[in-house]
Amino acid sequence: METPVIYYDRAEYIETDTGNKVSRKSVICGSQNIILGGKTIIQTGCVIRGDLRRTGGGHTVVVAIGRYCLLAHGSIIRPPYKTYKGIFSYYPMKIGDHVTIGEGSIVQAATIGSYVTIGKNCVIGRFAIIKDCCCIADNTIIPPNTVVPSFSIYDGSPGAYRDELPECTQELYELKTKDYYAKFTPRD
């Protein structure tokens with residue numbers, strides 16, 4: 001199956017010197033606390049909450065996103081939070097390389113490994129850990145504190161193990177994200 005060429009309006013997207021393509025119609029709060037690894041695409045309507053950070057001392061990086069990631073239309077990325085000994089705090093979130101987050105998905109995970117695909121309309125609960133080379137099917141809800149093992153497919157509400165991915169998953173996901181980035185070209 002051939003991947004369609006994705007067009008975007010040059011005026012609608014900002015392209016950084018590291019190759020990141022960010023829609024002007026996305027909402028990025030606290031950009032000083034967000035790191036983009038390079039060649040990441042943030043589409044229209046995405047929300048990244050870098051302003052939700054621990055008060056006082058602690059991490060200055062709230063959301064770290066790796067290389068060749070795709071945040072599709074309407075996805076929401078916000079750091080996990082909890083109350084500990086009566087004090088409410090946010091905690092940092094790390095997203096690896098070659099990660100695709102589908103349209104309308106809400107992510108509050110502690111860690112998402114590299115080579116991960118999260119489908120459309122998924123909810124990834126607070127402090128979930130998604131290991132490398134995973135697939136979260138469309139409309140899946142991953143409960144808080146869940147650990148999704150490598151090379152697994154999770155599906156359902158609540159999300160549960162459904163199948164195993166092949167060992168070539170890393171190469172397939174890497175090719176998919178690089179191809180998507182390469183074909184994401186502006187209209188003339």
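- Between Gly102 and Ala72, the shortest heavy-atom contact is C-CB, 3.7 Å.
- Distance check, rounded to the nearest 0.5 Å: CD1 of Ile77 to CD1 of Ile48 gives 6.5 Å.
- When every heavy atom of Pro80 is checked against every heavy atom of Ala109, the shortest pair comes out as CD-O, 3.6 Å.
- Atoms SG and CZ, from Cys135 and Arg162 in turn, are 12.5 Å apart once rounded to the nearest 0.5 Å.
- When hydrophobic side chains of Ile, Leu, Val, Met, Phe, Trp and Tyr are connected at separations under 4.5 Å, Ile106 ends up clustered with Val27, Val47, Ile76.
- Pairing each heavy atom of Cys122 with each of Ile136, the nearest pair is SG-CG2, 4.0 Å.
- Across Cys134 and Pro149, no two heavy atoms sit closer than the pair SG-O, 3.0 Å.
- A heavy-atom distance below 4.5 Å is found between the side chains of Leu70 and Gln43.
- Counting all heavy atoms, side chain and backbone alike, Ser114 lies closest to Asp132 at N-OD1, 2.8 Å.
- The minimum heavy-atom distance between Ser23 and Thr44, with the atom names listed, is OG-OG1, 3.3 Å.
- Once rounded to the nearest 0.5 Å, the distance linking OG of Ser105 with CG of Asn121 reads 6.0 Å.
- Put simply, the side chain of Val22 reaches to within 4.5 Å of the side chain of Leu36, judged on heavy atoms.
- Applying the ring-ring contact (aromatic ring centres under 6.0 Å, His included) test to Tyr173 and every residue at least two apart in sequence or in another chain returns nothing.
- Between Leu165 and Ile153 the shortest side-chain heavy-atom distance falls below 4.5 Å.
- With sequence neighbours excluded, no residue forms a side-chain hydrogen bond (donor to acceptor under 3.5 Å, both in side chains) with Ser31.
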Could you pull out all donor-acceptor pairs under 3.5 Å where a side-chain atom in residues 138-147 meets a protein atom, sequence neighbours excluded?
| residue | atom | partner | partner atom | Å |
| --- | --- | --- | --- | --- |
| Asp138 | OD1 | Lys120 | N | 2.8 |
| Thr140 | OG1 | Ala137 | O | 2.7 |
| Thr140 | OG1 | Gly156 | N | 3.4 |
| Thr146 | OG1 | Pro143 | O | 2.7 |

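- Tyr181 carries Lys21 over the face of its six-membered ring, with the cationic atom under 6.0 Å from the centre and within 45° of the normal.
- Met93 and Val123 are not part of a single hydrophobic cluster, where members link through side-chain heavy atoms under 4.5 Å apart.
- By the salt bridge (Lys or Arg N to Asp or Glu O under 4.0 Å) test, Glu174 is found to be paired with Lys178, residues two or more places apart in sequence or in another chain being considered.
- Remark: Lys94 engages no residue in a side-chain hydrogen bond (donor to acceptor under 3.5 Å, both in side chains) (not counting sequence neighbours).
- For the pair Ile124/Ile101, no side-chain contact is recorded, criterion being any heavy-atom separation below 4.5 Å from C-beta on.
- Put simply, SG on Cys46 and CD1 on Ile41 are 10.5 Å apart, with the number rounded to the nearest 0.5 Å.
- For residues 123-154, the pairs satisfying ring pair (Phe, Tyr, Trp, His ring centres under 6.0 Å) are Tyr91-Phe127, with sequence neighbours left out.
- Taking CZ of Arg24 as the reference point, atom CD of Glu12 lies at 9.5 Å (rounded to 0.5 Å).
- The CG atom of Asp97 sits 6.0 Å away from atom SG of Cys69, with the distance rounded to the nearest 0.5 Å.
- Cluster annotation: Leu52 is connected to Phe88 through the hydrophobic network of ILVMFWY side chains, with a link wherever side-chain heavy atoms come within less than 4.5 Å.
- Residues passing the side-chain hydrogen bond (donor to acceptor under 3.5 Å, both in side chains) test with Arg49 are Asp51, sequence neighbours excluded.
- Considering Ile95, Ile118, Thr100, Ile65 as possible partners of Leu71, the one that fulfils the side chain to side chain contact (heavy atoms under 4.5 Å, CB included) test is Ile65.
- The list of ring pair (Phe, Tyr, Trp, His ring centres under 6.0 Å) pairs with a residue in residues 93-124, not counting sequence neighbours, reads Tyr68-His98, His98-Tyr115.
- Not counting sequence neighbours, the partners of Thr117 by the side-chain hydrogen bond (donor to acceptor under 3.5 Å, both in side chains) test are Lys176.
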